[in-house]
Each structure stands twice: as structure tokens, then as C-alpha cells.
Novice: 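So that we are looking at the same thing, I have put the structure below in C-alpha cells.
Numbered from 1 within each chain, the chains take letters A, B, ... in sequence-line order. Remember, it's a predicted structure, so these values are computed and weren't measured experimentally.
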Protein chains: 2
Amino acid sequence: MVKCPHCQQVDAINKTGIVRGKQRYFCKSCQVHFSFPTAEATRPMRRHQVTIVDIAKELGISKSTVSRALRGQSDIHPGTRQAVLDAVKQFDYQPNLLAHSLVKSRTNTVGIIVPEFVSFFFPKVIIGAQNVLADAGYNVVICHSNESYETEVANARALLASRVDGLLVSHTKETRNFEHFRAFQRRDIPVVFFNRFCEDMTVSKVTVDDQAGAFRAVEHLIQTGRRRIAHLAGPDSLANSRNRLNGYRDALRQYGIAEEPELVISYDLTLEKANIYINHLLNLPQPPDALFTINDPTAIEALQVIKSRGLRIPDDIAIVGFSNDPVSALVEPGLTTVSQPINEIGQESARLLLRQLTSEEKFEPQTVVLPTELIVRGSTVA
Amino acid sequence: MVKCPHCQQVDAINKTGIVRGKQRYFCKSCQVHFSFPTAEATRPMRRHQVTIVDIAKELGISKSTVSRALRGQSDIHPGTRQAVLDAVKQFDYQPNLLAHSLVKSRTNTVGIIVPEFVSFFFPKVIIGAQNVLADAGYNVVICHSNESYETEVANARALLASRVDGLLVSHTKETRNFEHFRAFQRRDIPVVFFNRFCEDMTVSKVTVDDQAGAFRAVEHLIQTGRRRIAHLAGPDSLANSRNRLNGYRDALRQYGIAEEPELVISYDLTLEKANIYINHLLNLPQPPDALFTINDPTAIEALQVIKSRGLRIPDDIAIVGFSNDPVSALVEPGLTTVSQPINEIGQESARLLLRQLTSEEKFEPQTVVLPTELIVRGSTVA
DNA sequence: TTCGTTACCGGGAACGTTCCCGGTGTTTTC
DNA sequence: GAAAACACCGGGAACGTTCCCGGTAACGAA
């Protein structure tokens with residue numbers, strides 16, 4: 001009853017096992033195995049995409065010609081080209097970037113990994129970078145590591161797998177192992193760090209003059225008569241929090257003020273912890289008369305806590321933040337803060353990456369340090 | 001001097017033109033054209049990627065087997081599998097997602113297009129969506145249309161070209177033509193609108209009860225004694241600004257207050273225009289005693305303007321915003337506002353998309369309306 | 001023994017592009 | 001009027017995967 005598809009014989013057929021749920025046969029005379037295609041297994045009925053060959057067939061030309069017409073380059077008759085363009089419109093053809101990238105080995109895409117983006121800073125950086133990159137014809141895919149090392153590694157892996165041409169990163173506060181970024185370097189995929197960076201990786205970096213900014217902030221506090229200046233510092237894992245701490249110390253030293261260890265607290269950047277430490281500082285036998293925080297959200301949290309305790313700002317205690325978030329102008333009193341050129345950070349990072357992407361020869365990694373500026377508002381002077 | 005590569009003859013060779021900068025010859029006896037490969041044209045020295053076949057060659061097995069081992073499925077000897085895994089680690093092999101997506105015709109990626117993301121709202125939505133999507137194994141690429149219709153179209157085109165499996169959109173305030181989104185529908189790529197949506201497209205939508213929220217806000221103003229309530233409305237192109245306006249009108253009508261046309265101003269959501277109109281309202285012969293704005297940034301701008309004019313809030317004029325941005329709790333006085341479940345908007349949109357992506361049969365588009373809640377702060381009651 | 005079954009594995013065709021290379025007319029040049 | 005140049009176009013091999021299908025050895029049962 002089973003007929004060999006080759007010799008059409010019915011006998012001399014053996015069963016030879018069930019493979020993937022389908023009976024297989026063996027024809028002894030033909031010395032060949034065979035099985036019968038099941039009805040639905042013919043094709044998974046994949047939705048047909050209109051491709052370059054569909055256009056080619058329609059116009060009776062070759063796919064090479066269609067490709068040439070689409071890329072709008074050389075070796076194409078204007079008439080043919082127009083015909084292709086018309087057909088493309090008619091069939092609503094969309095080029096498949098996947099195939100394109102596969103053969104070109106480049107995706108015209110750069111990845112951006114940021115640790116968070118509900119605060120003002122990172123979105124603004126991304127927009128700055130994106131504008132520059134878009135002008136250069138690059139797409140951008142944004143990843144959000146959520147301050148989690150695992151997520152960051154997963155993000156990096158995903159970007160590597162999708163073969164981005166370059167990477168812009170600000171790492172998480174947890175990140176101490178940078179192997180997932182070195183994987184890009186090994187493949188000659190340029191990486192640029194911004195804002196937060198690994199000091200012992202030889203990559204391009206964009207940052208601001210954190211130390212000088214912090215110095216100016218603390219100097220300003222000293223010059224307005226403060227002596228017990230507390231500092232809520234960021235985690236030690238972040239270079240910029242180390243630098244801001246250094247700026248703080250520089251100022252104290254230069255003005256001959258001894259550093260009180262109890263006034264310097266390094267924490268994990270969460271508002272919960274910030275709240276705890278602010279209260280702790282205020283509860284000290286000798287509370288500080290000024291507070292310099294690692295960033296604006298922390299300063300604003302401090303502002304709320306201090307006001308809720310009925311203390312006067314800046315009379316009883318002065319506050320300085322860092323980065324001049326728009327909110328800092330809206331709170332009452334306005335927050336004195338160190339502004340950084342957020343948009344430029346993004347733009348400069350993107351430009352650095354682009355230069356690296358387009359340079360033919362070996363590119364020397366480069367570090368760009370942008371200036372900071374002290375913005376004085378009501379939280380330090382009445 | 002020129003030898004035919006076939007017959008090795010030297011005479012009977014003609015030049016037959018220079019094509020792409022290279023001399024071409026014709027051998028009359030072989031009846032064949034030929035040219036000589038230039039040295040550097042051999043290969044563009046493309047950096048070699050380590051692929052599945054490299055691993056296969058190294059282990060002396062076929063690429064099919066390596067592929068099987070990597071996908072960790074059936075029909076693979078545990079020993080072979082382990083050997084492959086070891087080699088993968090040793091050679092630092094990274095799978096090429098482009099090739100994978102090309103053959104599978106799916107990218108496991110969904111695109112998100114938002115009109116802006118410096119304000120609190122959209123980043124938060126994105127995070128909500130991303131969490132849900134990541135759990136389901138999807139990657140996310142975020143596009144930022146910057147409230148520009150052209151950019152939005154470009155974004156949509158790029159996402160289509162890179163073959164995302166689904167799309168989450170909040171369109172720009174300029175968008176009146178939705179053809180670029182219909183292109184996804186034509187290809188059976190599910191689209192979910194959130195926050196801002198096109199009413200006459202049959203797609204899934206996630207929104208909040210704008211009308212009820214606005215009603216509650218205005219009702220609250222009326223109940224606290226206000227009668228001349230102004231409304232700074234959003235552009236008519238956005239369904240949610242229309243709905244909020246409707247809620248405003250409902251409340252006035254229900255409480256028997258006639259609508260004053262001069263008190264309802266629709267504008268383009270920029271702070272510059274907001275400032276102008278706020279001042280305009282305050283300069284009216286009969287200025288309003290309350291202001292309900294389309295969103296929180298506008299309300300906060302109003303708050304600043306009003307305070308700078310020396311007017312008291314809420315005594316002289318009360319303010320209500322919309323969406324409960326974190327800033328609204330920080331300004332002084334605190335801003336009464338209508339909160340919406342921002343995170344849930346993202347999550348729900350993602351879930352809707354996922355259901356559509358995984359459902360076998362035809363999926364009926366669905367609209368989810370999430371509740372709003374009035375948050376009363378100092379800008380309306382002392 | 002001999003057949004049926006299981007457990008693996010390899011070959012090769014997709015997927016949708018680009019690019020190289022070689023063809024064929026037609027036009028220019030000497 | 002032939003040789004050289006030009007203007008177009010087509011074929012087919014990449015790119016790096018997955019998937020189908022068929023092969024082979026080993027083993028259990030009849």
C-alpha cells in the first residue's frame with residue numbers, strides 16, 4: 001500500500017522508524033529513505049513580504065537592477081529607475097534593513113545605555129546625542145539598565161547581538177566589572193562613556209569638570225559664611241561622585257577648614273536613603289550649617305525635609321545641588337546648584353563616536369571635559 | 001603581453017573598454033571577456049566575525065549541529081552540546097541576531113514612538129511597558145519624534161524597515177495623517193496607541209478617563225467657590241485635550257455656570273505660548289478666579305507667573321493641573337492635579353500588544369480606559 | 001536474523017539584500 | 001571601419017542563521 005516515490009514499487013518497502021512524528025520508509029530496491037510530506041507541513045504559510053525580486057519579476061528585470069535603482073547610484077537607465085520607483089510605490093515595498101545590514105555588516109545604528117531616565121538629565125543627553133547622530137544618518141536604540149548591573153549586561157549583549165555600529169554608555173552605580181563593554185572593543189565597535197565612566201578603560205569619555213564645579217559650590221558656601229558644610233556624596237563606584245568629593249575637600253583645605261568625617265556621607269542615590277541621612281545630619285549634636293549634595297533631586301529632598309522641620313533656608317542651613325535640573329528653579333527657595341551643559345554632553349559624545357566610526361585609521365580615544373557653572377539662588381543667599 | 005586566462009594566448013586579445021576603472025579585454029579565439037582582479041579589490045578586508053561555521057569547523061561538525069546545540073533543543077548529544085558551548089565561550093562567539101531575524105521573519109523587538117521624553121510622563125510609561133515586554137522576551141527600541149510629524153514618519157519608516165514585531169505609539173500634536181501607522185496594519189504588525197490616539201483607526205488603545213478627571217477637577221474648583229474658571233486647553237488635534245475640555249464643560253453645565261468663551265484658550269503645549277496666554281488671562285478686565293490647565297508643566301508655569309505678579313494662590317486664583325508630575329508636589333504651594341496611573345498605561349499597552357502578538361487568530365482591537373484621581377494640594381485650598 | 005525504532009548528525013535550501021564580474025548593444029575615436 | 005569606450009543589465013556568490021529532510025549507527029523486539 002506504500003508506494004516508493006522513485007521506483008513506484010509497493011513491496012520491498014520497510015518502515016524505518018518514526019522521526020519527528022512522521023513515519024519513515026525505506027525502499028530496498030532503490031536503497032533510499034523517504035517519507036510523505038504532511039498536508040500542513042508544506043509551508044508554515046508565512047506571510048509574504050514584498051521584496052526586491054517581486055518588483056523585479058513584475059517589471060521583467062533582474063533583482064540586481066532593482067537594487068541599483070533603489071540605491072539610486074550608477075549604471076541604471078533613468079527610465080528603468082523610474083519604472084522601479086513607480087512599482088515600489090504601487091506595491092508598497094519597504095526595504096528589509098535586516099538583510100541589508102547582514103550583507104553590509106553594518107547597521108547604521110548606535111546603542112545608548114543609560115542607568116535611568118525619569119530624571120531630567122539622561123533624556124536630555126539622549127536628545128542631544130540623537131540629534132547629532134540622526135544628522136549623520138544613524139538610528140538610535142535606547143536601553144535602560146535601571147541601575148541594575150544584570151540588566152546592563154543583558155542590554156549590552158542584546159546590542160552586540162543586533163550588531164550596533166557604536167555604543168554610548170553611562171553605566172549603573174553597581175557596575176564594577178566592565179567585561180561586557182570590552183566585548184565591543186574586542187570587535188572594534190567604538191564605545192564612548194559619558195557622565196559615568198570606567199577610568200581604566202581606554203575609550204573615549206565625555207564628562208564635566210566635576211571637581212571644579214564642586215569646588216566652586218563649596219567655596220561659595222564658605223564665602224557666604226558657612227563653616228560646617230556637610231556633603232551627601234554618591235557611591236564610591238562612580239568617578240563623578242569621587243571627583244565631586246575631591247572638589248569638596250579641595251575647597252575646605254584651601255580655606256583652612258578641617259574636614260569633619262561625620263559630615264561626609266556617601267550613599268546609593270536613592271531618595272529613601274537620602275532622606276534618612278539628611279535627618280541624621282540634622283539630628284547631630286552640632287548640625288551642619290550647609291549641605292552640598294551630589295545631585296539636585298537629593299538637594300530638593302533635603303529642602304523638603306529641612307522646611308518640614310521648620311528650619312529656615314538659607315538662614316539656618318544653606319543647600320547646594322548639582323546639575324541644575326529645571327525643578328531646582330521651581331522649588332522655594334530656588335536651589336543654588338552647579339549647572340552642567342547637559343545637551344552638549346550628548347552632542348559631544350555623539351560627535352566623538354561619529355569621528356571614531358568614520359575614521360579610517362586607528363582612532364586614539366579622547367576625553368572631553370566640559371565646563372560647569374555655579375548658579376546661585378535662594379537656597380544659599382537670601 | 002596580455003594573456004587570455006583561458007587559452008593562454010597572447011594575440012587575438014582586444015581591449016574592450018574600461019569598466020569601473022578597470023581595463024577589460026576580449027579574447028577573440030575564446031569569445032570571452034575578462035579582466036584582471038586588482039590587488040586590493042580581492043576582498044575589502046572585512047573584519048571577520050566568528051560565526052557558527054567557525055565553531056563547526058573547529059569541532060569538525062556541521063553548522064546544523066552547532067545551531068541545534070545553541071538553541072539547546074532536541075536531537076543533540078549532550079557531549080556534543082557541551083563541546084559547542086565550550087567552543088562558543090572560547091571563541092567569544094556572539095550570535096548574529098540580524099541573520100536570525102532574517103530567517104525567522106521576526107525580530108522579538110517592539111518599537112515605541114513618543115513625542116517627547118524630558119517630562120516625567122513618557123519615560124515613566126516607557127519603563128512600565130519595557131518591564132512587561134522584557135519579561136516576555138522582547139527588546140524595545142525607543143524613538144523620539146520630538147513633536148514633529150516628519151520625524152515621526154521617519155521613525156515609523158525606520159521601525160518598519162527594521163521589522164519590529166509590534167509598535168507602541170503616542171503621536172505628535174501635529175499628526176493628522178496616520179498613513180505611516182496604517183502601513184504597519186497592512187503588514188499585520190500590531191499597533192497600540194497610548195495617551196494620544198487616532199480615533200478612527202481600528203487599533204488597540206490605552207488611555208485614561210480624561211473627561212471624568214477633568215470633570216472632577218473643575219467640580220472641585222466650583223465646590224471651593226470658584227465661578228470664573230479658565231481652561232488652558234491643548235490642541236484640538238489631540239483626543240485627550242478634547243476630552244478634558246469636554247469634562248470641563250460638563251462640570252460647568254452641571255453646576256449651571258455659563259461658559260465664557262474668553263476663558264477657554266487652546267494652545268500648542270509650548271511653555272512660551274502658555275506664558276503668553278496666562279498673562280493674557282490675568283490681564284482680562286475680569287480675570288478668572290481659577291485656572292484648569294491641560295497638564296502640570298503649564299500649571300506650574302501659571303503658578304510662577306501668578307506668584308511673580310504678587311497674586312496669592314489660592315486666595316486670588318486657584319490652579320489645577322493634570323497628571324501629577326512629581327514636581328507638582330514640590331512647588332509652593334503644592335499643585336492640585338489629576339493623577340493618572342502612568343506606569344499602568346505603559347504596562348497595559350505592552351500587555352495589549354503582547355496579547356495581539358501571541359494570539360493565533362484574528363485579534364479584536366480593544367480600548368482600555370484607566371481611572372484618574374484628583375489630588376488636592378495647596379493651589380486650590382489653603 | 002531481521003525489522004522497527006531511537007538517537008544523532010549533515011547537506012542544502014531558504015531569508016532579502018548587496019556586490020562583483022562578466023555580458024551585450026551602441027556610440028565614440030583614430 | 002575596426003578598436004576602444006560607454007551605458008546598461010543579469011547571474012550568482014556572499015552575509016549568518018534556521019529548518020527540512022534524509023542518512024547512519026546502535027539497539028531492542030520479533
Novice: Donor-acceptor pair under 3.5 Å: do we get one between A:R24's side chain and the base of C:dG4?
Specialist: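 There is none.
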Novice: Please list, chain by chain and in numerical order, all residues satisfying salt bridge (charged side-chain N to carboxylate O under 4.0 Å, His left out) with A:R157, sequence neighbours excluded.
Specialist: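 Partners of A:R157 under the salt bridge (charged side-chain N to carboxylate O under 4.0 Å, His left out) test: none.
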Novice: For nucleotides 25-27 of chain D, give me every protein contact, N/O to N/O, under 3.5 Å, one pair per line with atom names.
Specialist:
none

Novice: With nearest nucleotides of DNA chain D determined for B:K15 and A:S62 from heavy-atom distances, which residue corresponds to the more 5′ nucleotide?
Specialist: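 In this pair, the answer is B:K15.
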Novice: What pairs with B:S64 under side-chain hydrogen bond (donor to acceptor under 3.5 Å, both in side chains), at least two apart in sequence or on another chain?
Specialist: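 B:S64: no side-chain hydrogen bond (donor to acceptor under 3.5 Å, both in side chains) contacts found.
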Novice: Take the protein atom CZ of A:R163 and the nucleotide atom P of D:dG16, then report the distance between them rounded to whole Å.
Specialist: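 Distance check: A:R163 CZ to D:dG16 P gives 8 Å.
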Novice: Where each residue is assigned the nucleotide of DNA chain D containing its nearest heavy atom, which of A:T80 and A:K63 is assigned the position nearer the 5′ end?
Specialist: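 Final value for this comparison: A:T80.
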Novice: With a cut-off of less than 4.0 Å, is there a side-chain N or O of B:S105 near OP1 or OP2 of C:dC15?
Specialist: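 The answer is no; no side-chain N or O of B:S105 sits under 4.0 Å from OP1 or OP2.
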Novice: May I ask you to evaluate whether A:T65 reaches the phosphate of D:dG10, defined as a side-chain N or O under 4.0 Å from OP1 or OP2?
Specialist: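 Yes, such a contact exists.
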Novice: How close or far is atom P of C:dC19 from atom CZ of A:R106, stated in whole angstroms?
Specialist: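 That distance rounds to 11 Å.
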Novice: Please enumerate all residues that pass side-chain hydrogen bond (donor to acceptor under 3.5 Å, both in side chains) together with A:T151, with sequence neighbours excluded.
Specialist: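 A:S148.
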Novice: State, without any angle test, whether B:D86 and B:Q82 hold a side-chain donor-acceptor pair at a distance under 3.5 Å.
Specialist: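 Side chains of B:D86 and B:Q82: pair found under 3.5 Å.
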Novice: Report the distance from atom OH of A:Y25 to atom C1' of C:dT5, rounded to the nearest whole Å.
Specialist: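 One finds 14 Å between C1' of C:dT5 and OH of A:Y25, rounded.
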Novice: Can you list everything that forms a side chain to side chain contact (heavy atoms under 4.5 Å, CB included) with A:D54? Sequence neighbours excluded, please.
Specialist: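 So A:D54 forms a side chain to side chain contact (heavy atoms under 4.5 Å, CB included) with A:H48, A:V50, A:T51.
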Novice: Give, ordered by number, those residues of residues 91-101 of chain B having at least one heavy-atom distance below 4.0 Å to an atom of DNA chain C; if nothing qualifies, reply none.
Specialist: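 Of all residues in residues 91-101 of chain B, none places a heavy atom under 4.0 Å from DNA chain C.
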Novice: Using salt bridge (charged side-chain N to carboxylate O under 4.0 Å, His left out) as the criterion, list what pairs up with B:R355, not counting sequence neighbours.
Specialist: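 Result, salt bridge (charged side-chain N to carboxylate O under 4.0 Å, His left out) vs B:R355: B:E348.
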Novice: Could you pull out all residues at least two apart from A:H180 that satisfy side-chain hydrogen bond (donor to acceptor under 3.5 Å, both in side chains)?
Specialist: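 Here the qualifying residues are A:E152.
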Novice: Reckon A:S64 touches a base, only the sugar-phosphate, or nothing at all at heavy-atom distances under 4.0 Å?
Specialist: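 A:S64: base contact, heavy atoms under 4.0 Å.
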Novice: To 10°, what angle do the rotation axes through the five end pairs on each side of the helix from C:dT1-D:dA30 to C:dC30-D:dG1 form?
Specialist: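 Between the axes fitted at each end of the helix from C:dT1-D:dA30 to C:dC30-D:dG1 lies an angle of 50°.
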Novice: Which residues pass the side-chain hydrogen bond (donor to acceptor under 3.5 Å, both in side chains) test with A:S145, not counting sequence neighbours?
Specialist: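 Checked A:S145 against side-chain hydrogen bond (donor to acceptor under 3.5 Å, both in side chains); zero matches.
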Novice: Counting only side-chain nitrogens and oxygens, does B:Q23 get under 4.0 Å of the OP1 or OP2 atom of D:dA5?
Specialist: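 Yes, such a contact exists.
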Novice: Would you tell me if any nitrogen or oxygen in the side chain of B:Q49 comes within less than 4.0 Å of OP1 or OP2 on D:dC15?
Specialist: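 So the side chain of B:Q49 is outside the cut-off, no N or O lying under 4.0 Å from OP1 or OP2 of D:dC15.
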Novice: Check whether any side-chain N or O of B:K104 sits under 4.0 Å from OP1 or OP2 of D:dC19, and answer yes or no.
Specialist: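 Yes, because at least one side-chain N or O of B:K104 sits under 4.0 Å from OP1 or OP2 of D:dC19.
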Novice: Could you tell me the separation between the CG atom of B:L102 and the P atom of C:dA13, rounded to a whole number of Å?
Specialist: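 My rounded result for the distance is 17 Å.
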Novice: Could you check if a side-chain atom of A:V164 sits within less than 4.5 angstrom of a side-chain atom of A:V110, using non-hydrogen atoms only?
Specialist: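 The answer is no, as the side chains (C-beta and beyond) never meet within the 4.5 Å cut-off.
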Novice: In whole Å, I'd like the distance from the CD1 atom of A:I61 to the P atom of D:dA7.
Specialist: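 So the two atoms are 19 Å apart, to the nearest Å.
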Novice: Got a sec, which residues hit salt bridge (charged side-chain N to carboxylate O under 4.0 Å, His left out) with B:E179, two or more places apart in sequence or on another chain?
Specialist: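 Residues passing salt bridge (charged side-chain N to carboxylate O under 4.0 Å, His left out) with B:E179: B:R186.
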Novice: How long is the straight-line distance from CG of B:N139 back to OG1 of B:T107, given to the nearest 0.5 Å?
Specialist: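 Going from OG1 on B:T107 over to CG on B:N139, the span is 8.5 Å.
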Novice: Name the residue closer to the 5' end of DNA chain C, choosing between B:G60 and A:V50 according to the nucleotide with the nearest heavy atom.
Specialist: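 Counting from the 5' end, the first nearest nucleotide belongs to B:G60.
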Novice: Could you note down all residue pairs passing salt bridge (charged side-chain N to carboxylate O under 4.0 Å, His left out) where residues 160-172 of chain A supplies at least one of them, sequence neighbours left out?
Specialist: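 The answer is A:R106-A:D165.
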Novice: For the side chain of A:S67 and the backbone of A:K63, is there at least one donor-acceptor N/O pair under 3.5 Å apart?
Specialist: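 It does not hold such a pair.
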Novice: What integer distance in Å separates B:N108:CG from D:dT18:C1'?
Specialist: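 The distance from CG of B:N108 to C1' of D:dT18 comes to 14 Å, rounded to the nearest Å.
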Novice: Can you tell me how far P of D:dC21 sits from CZ of B:R68, to the nearest Å?
Specialist: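 In whole Å, D:dC21 P lies 14 Å from B:R68 CZ.
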Novice: Tell me whether the side-chain N/O atoms of B:T51 come closer than 4.0 Å to OP1 or OP2 in D:dG16.
Specialist: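 No, no such contact exists.
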Novice: Measure the distance from CG on A:D75 to C1' on C:dG22 and round it to the nearest whole Å.
Specialist: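 Rounded to whole Å, this separation is 12 Å.
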Novice: Between C:dC9, D:dC9, D:dT17, which nucleotide gets closest to the side-chain atoms of B:I52?
Specialist: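 My answer, after comparing the listed nucleotides, is D:dT17.
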